[in-house]
Protein chains: 2
Amino acid sequence: MTGMASRTRGAERRREPLSRERIVAAAVELLDTVGEGGLTFRALAERLATGPGAIYWHIAGRSELLVAATDAVLTAAAVGDEPDATPHETVRALALGLFDAIDEHPWVGAQLVGTPSQSPMLPIFEQLGRQVRALGVPQGAWFSAVSALWNYILGVAGQNAANARMPQPATDRTAYVGSVADHWAALDADRYVFTRTVADQLREHDDRAEFLTGIDLILTGITAHRWPAG
Amino acid sequence: MTGMASRTRGAERRREPLSRERIVAAAVELLDTVGEGGLTFRALAERLATGPGAIYWHIAGRSELLVAATDAVLTAAAVGDEPDATPHETVRALALGLFDAIDEHPWVGAQLVGTPSQSPMLPIFEQLGRQVRALGVPQGAWFSAVSALWNYILGVAGQNAANARMPQPATDRTAYVGSVADHWAALDADRYVFTRTVADQLREHDDRAEFLTGIDLILTGITAHRWPAG
DNA sequence: GAAATCTCTGGAACGACGTTCCAGCACGCC
DNA sequence: GGCGTGCTGGAACGTCGTTCCAGAGATTTC
């Protein structure tokens with residue numbers, strides 16, 4: 001497509017025309033810089049040098065824009081599967097790809113937990129399912145096993161989104177975790193024995209490694225669980 | 001202006017004054033009947049026969065109101081622990097209590113995933129932690145093990161909240177699940193082999209039982225996992 | 001008992017939002 | 001030229017969270 005006026009209009013327009021892709025790209029940029037609440041049709045219009053009404057010609061509304069933005073980020077972060085990897089490794093790679101995408105764009109996490117199984121997630125669900133099948137889980141338990149993985153991943157996604165929303169957008173994350181850990185360590189000694197004990201583990205933990213540990217945990221459970229006959 | 005008799009009968013009490021509790025109770029009622037988006041300071045004021053400004057004397061803002069409503073529901077649903085129960089049974093009871101509370105008030109699920117570890121959840125975290133400890137997990141892995149349970153529970157909470165938000169508030173849930181299952185069954189036969197296969201499991205699954213299966217799965221993983229030395 | 005003070009009320013108003021409406025532009029086609 | 005169509009962008013509508021404030025009761029002070 002060297003597009004020498006093959007389909008484009010003869011004269012170059014003054015500005016690049018609006019398009020669904022340009023709008024979605026601007027929306028992702030806005031979401032990344034100012035957060036979920038910062039995505040406004042007015043701000044978006046200003047960034048695109050137009051008015052709010054023009055955007056509605058290309059996109060039905062705010063929710064469709066959020067779905068499109070999520071889809072754009074997720075398909076860009078899609079993981080190609082290594083043919084020689086074990087099911088365990090493949091699940092880890094899939095989950096890590098999701099984690100990193102959500103870590104980079106926390107609003108994606110909020111969007112994923114806020115809407116029921118959406119189209120951009122279906123391929124990931126499928127890939128997870130195939131690995132579960134390859135782990136030798138009996139067919140009657142496929143749905144349960146994948147659901148466990150699924151809900152865990154969405155839970156972490158939601159927590160990441162919530163953490164990114166809480167303090168000032170630029171506050172240091174370790175400082176925030178540290179303040180929560182301080183709070184835990186100062187709890188009542190009798191009623192919160194356990195929480196006090198793990199305060200330091202909270203302070204020093206690494207989100208990404210912890211997420212992977214949870215994945216391993218569930219995979220261990222999936223293979224070790226005594227599934228009901230079926 | 002002849003109103004000398006503006007005073008009501010002596011026995012008739014004046015309208016019950018506003019109070020934080022009355023406001024929170026009305027908010028929970030509103031959230032249960034019209035959903036998360038239906039909680040409006042104007043609707044709340046109308047229900048309390050007052051103006052929006054009066055509410056702000058007792059409660060700082062919308063988010064504090066949501067936290068207070070969540071706290072009210074969660075403390076009302078708190079589970080007392082049976083002394084003779086195994087750790088496994090106790091975790092199941094705790095998780096089920098949370099599940100049922102969220103099932104009855106789906107907006108609680110959205111609230112829990114939308115805010116970082118909040119005060120009303122700390123007791124539950126503590127109780128979960130004690131059971132994990134009782135399961136024999138090495139101390140260095142306490143935080144990881146509880147986090148896995150935690151994130152799974154929050155993931156299910158978020159999905160429940162999302163499901164309750166999607167269709168018309170009164171639409172039958174099984175009909176909705178059925179339509180999703182139909183969609184899954186009609187997917188491309190090559191690219192979605194697995195998803196097609198589990199479409200019927202999705203259609204016939206029971207949310208509550210599935211949730212419990214996931215809990216069992218993670219508990220199995222926690223006890224069977226080869227924790228790193230520490 | 002009058003006046004001052006405090007607590008609490010509720011209606012009006014502000015600014016921002018999502019969304020709709022519509023007058024008008026630039027083009028493709030006759 | 002005229003005309004229709006695809007697209008633009010600014011104005012406007014209704015609703016939201018929130019703030020403001022004049023004042024009603026109740027309570028205290030003189």
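Here is how names work: the chains are called A, B, and so on, in the same order as the sequence lines, proteins then strands, and each is numbered from 1.
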Is the shortest side-chain N to carboxylate O distance from A:Arg130 to A:Glu126 below 4.0 Å?
yes
Atom CG of B:Leu18 and atom P of C:dG11 are separated, to the nearest Å, by 12 Å
Where B:Ala27 and B:Leu44 come nearest, the two heavy atoms and their spacing:
N-CD1, 3.7 Å
Heavy-atom nearest pair, A:Gly214 first then B:Ala148, reads CA-CB, 4.3 Å
A:Ile59 atom CD1 is separated from D:dC7 atom C1', nearest whole Å, by 15 Å
Please list, for nucleotides 17-20 of chain D, all pairs of protein and nucleotide N/O atoms separated by less than 3.5 Å.
residue : atom : partner : partner atom : Å
D:dG17  : OP1  : B:Leu39 : O            : 3.3
D:dG17  : OP1  : B:Arg62 : NE           : 2.8
D:dG17  : OP2  : B:Phe41 : N            : 3.0
D:dG17  : N7   : B:Arg42 : NH1          : 2.8
D:dG17  : O6   : B:Arg42 : NH2          : 2.6
D:dT18  : OP2  : B:Tyr56 : OH           : 3.0
D:dT18  : OP2  : B:Arg62 : N            : 2.8
D:dT18  : O5'  : B:Tyr56 : OH           : 3.2

When the side chains of residues 93-102 of chain B are checked against the rest of the protein, which donor-acceptor pairs come out under 3.5 Å, sequence neighbours left out?
residue  : atom : partner  : partner atom : Å
B:Asp100 : OD1  : B:Arg208 : NE           : 2.8
B:Asp100 : OD2  : B:Arg208 : NH2          : 2.8

When rounded to whole Å, the CG to C1' distance for the pair A:Leu48 and D:dC7 reads 14 Å
Can you tell me the distance, in whole Å, between the CG atom of A:Leu44 and the P atom of D:dG9?
13 Å
A:Glu64 has an atom CD; how far is it from atom P of C:dG18, in whole Å?
15 Å
Taking A:Glu36 first and then A:Arg165, would you say they form a salt bridge - that is, a charged N and a carboxylate O separated by under 4.0 Å?
yes
Is there a side-chain contact between A:Thr50 and the phosphate of D:dT8, meaning an N or O under 4.0 Å from OP1 or OP2?
no
Could you tell me whether B:Arg196 and B:Asp188 have a side-chain N and a carboxylate O separated by less than 4.0 Å?
no
Can you tell which of C:dT9, C:dG10, D:dT8 lies closest to the side chain of A:Trp57?
D:dT8
Rounded to whole Å, how long is the line connecting atom CD1 of A:Ile23 with atom C1' of D:dG9?
12 Å
Check the distance between D:dT8's C1' and A:Arg20's CZ and give it to me in whole angstrom.
19 Å
Correct closest heavy-atom pair for A:Leu31 and A:Ala69 would be CD1-CB, 4.1 Å
C:dT7 phosphate, OP1 or OP2, under 4.0 Å from B:His58 side-chain N/O
no
What is the separation between atom CD1 on A:Ile55 and atom C1' on C:dC17, rounded to the nearest whole Å?
13 Å
